[in-house]
Amino acid sequence: MSFLRGVEQRIEGLIEGVFGRAFRTNVQPVELARKLAKEMDDHRTVSVSRIYVPNEYTVYLAPADREQFASYEGSLLEELQDHLADHARREKYAMLTQPRVLLETDDDLALGEFGIATRMVQPERGRGETAPRIPATSGQTMVYKPAGPGVPTEAASPVELGIEPPRATLTVNGRTHELDGRRVVIGRSKECDIQVADPNASRRHAELRREGDAYWLVDLGSTNGLDVNGKRTQRAKLADGDRFTIGTTELVFKTTS
């Protein structure tokens, strides 16, 4: 049985290898843009009043992938750097300098694979100038592999690339509010972004937070708690049509295209 199993595994490996080579595709710029933004999000450093993110990103490519960008590598790097700068601005991240993207070749990577290493690099300062006390750091190199044989490259949506933020509304007592900020505080206080005139609601009852292309509802330590679709919760990811209760008031969450 072990001999037969060994033959079976060798046949499976041969078939997978043939199909893998047949369907492998080059790395696409849209994949690099999407993963660079993800690396920025994943390597945040929370300071007293700011959220710092890496300012240097090194992309490692297989030789064949690096070669395809040879004729416009400089323009590609500028575009990726602009994309990271825009992403940081939208997310209100702080950087020690403008983002810098570097391309390197790695012979150990196969076609369609790429790695990204991040660093937080202190800028050069003139005499008398001071920089924020954020340690220069080096993150692990994250390697991204193709989805698999025969699976085409998935185009990133405008929301994923940060070009177009997700759009959503919240309906309270028949009035619809468009959610146009990353954080929306809901409660009885007039200082809240969305006021709920309900004596059973806390002054600052809950907060809607946009994280990437998703909205999360978070209880801010309210007295009467938070119910989402009839279930008590402290934090919930909202989907189109979800209903939640603050005090005795029902609110309806909707996404818009």
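Position 1 is the first residue of the sequence, and the numbers go up from there. The structure displayed is predicted, hence computed values, not measured ones.
Between Ala110 and Ala62, the closest heavy-atom pair is O-CB, 3.5 Å. Considering all non-hydrogen atoms of both residues, Glu31 and Phe114 come closest at O-CZ, 4.2 Å. Looking at every heavy atom in both residues, Glu207 comes nearest to Val185 through OE2-CG2, 3.6 Å. In this structure, Arg50 and Ala94 approach most closely via the heavy-atom pair CD-CB, 3.9 Å. When all heavy atoms are compared, the tightest approach of Ala37 to His83 is CB-NE2, 4.0 Å. Across all non-hydrogen atoms, the minimal contact from Asp106 to Pro63 is O-CD, 3.8 Å.
The hydrophobic clustering, which links ILVMFWY residues whose side-chain heavy atoms are closer than 4.5 Å, places Leu103 and Tyr72 together. There is a path of hydrophobic side-chain contacts, each under 4.5 Å, that joins Ile51 to Met95. In the hydrophobic cluster analysis, where Ile, Leu, Val, Met, Phe, Trp and Tyr join through side-chain heavy atoms closer than 4.5 angstrom, Leu220 is grouped apart from Leu251. One hydrophobic cluster holds both Val172 and Leu226 under the rule that ILVMFWY side chains link at heavy-atom gaps under 4.5 Å. Under the 4.5 Å side-chain heavy-atom criterion for ILVMFWY residues, no single connected hydrophobic cluster contains both Val218 and Val184.
The OG1 atom of Thr97 lies 10.5 Å from the CE atom of Met120; values are rounded to the nearest 0.5 Å. Between atom CD of residue Gln28 and atom CZ of residue Phe69 there is a gap of 7.0 Å, rounded to the nearest 0.5 Å. Atom OG in Ser202 sits 7.5 Å away from atom CG in Asp219 (nearest 0.5 Å). Considering CG of Leu32 and CG of Leu76, their distance stands at 6.5 Å, rounded to 0.5 Å. The CD atom of Gln98 sits 9.0 Å away from the CD atom of Gln81 when rounded to the nearest 0.5 Å. To the nearest 0.5 Å, atom OG1 of residue Thr118 and atom CG of residue Leu36 are 10.0 Å apart.
When side chains are defined from C-beta on, Thr105 does not count as touching Tyr60, because their heavy atoms never get closer than 4.5 Å. Side-chain contact between His205 and Ile186 is absent, with no heavy-atom pair separated by less than 4.5 Å. With a 4.5 Å cut-off on side-chain heavy atoms, His43 and Pro54 count as touching. Leu96 has its side chain out of reach of Val121: every pair of non-hydrogen atoms, C-beta onward, lies at least 4.5 Å apart. Within the 4.5 Å cutoff, side-chain heavy atoms of Tyr57 are placed close to those of Met40.
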Working for side chain to side chain contact (heavy atoms under 4.5 Å, CB included), residues Leu80 and Asp82: CA-CA 5 Å; Leu80 293 174; Asp82 289 343; over 6 Å; no

Using the rule given for side chain to side chain contact (heavy atoms under 4.5 Å, CB included), can you reason through Glu56 versus Leu102, listing the C-alpha separation, both sets of side-chain angles and the distance that settles it, and then say yes or no? CA-CA 8 Å; Glu56 184 177 285; Leu102 307 171; 4.2 Å; yes

Evaluate side chain to side chain donor-acceptor pair (under 3.5 Å) for Asp41 paired with Tyr93, printing each intermediate quantity in order. CA-CA 9 Å; Asp41 293 335; Tyr93 294 151; 2.8 Å; yes

Determine, stepwise, if the pair Arg89 / Asp86 fulfils salt bridge (Lys or Arg N to Asp or Glu O under 4.0 Å). CA-CA 5 Å; Arg89 188 161 46 249; Asp86 289 342; 2.2 Å; yes

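In terms of the side chain to side chain donor-acceptor pair (under 3.5 Å) criterion, residue partners of Thr171 (sequence neighbours excluded) are, by chain and number, Thr176. Remark: Tyr215 pairs with Phe253 by the ring pair (Phe, Tyr, Trp, His ring centres under 6.0 Å) rule, at least two apart or across chains.
Enclosure of atom CD in Glu79 is not indicated, since only 12 or fewer non-hydrogen atoms of other residues, nucleotides or ligands lie within 6.0 angstrom. Around the CZ atom of Arg232, the shell of radius 6.0 Å holds more than 12 heavy atoms that belong to other residues, nucleotides or ligands. The neighbour count for Glu73 CD, taken as heavy atoms of other residues, nucleotides or ligands under 6.0 Å away, is above 12.
Judged as a salt bridge (charged side-chain N to carboxylate O under 4.0 Å, His left out), not a single pair has a partner in residues 188-204 (not counting sequence neighbours).
Screening Asp227, Leu238, Thr233 for a side chain to side chain contact (heavy atoms under 4.5 Å, CB included) involving Phe244 leaves a single residue, Leu238. Lys254 pairs in a side chain to side chain contact (heavy atoms under 4.5 Å, CB included) with only one of the listed residues (Leu179, Thr169, Asp242, Leu170), which is Thr169.
A cation-pi contact links Arg235 to Trp216, judged by a cut-off of 6.0 Å to the six-membered ring centre and 45° from its axis.
Formation of a donor-acceptor pair under 3.5 Å by the Asn224 side chain with backbone atoms of Asn200 is found in this model.
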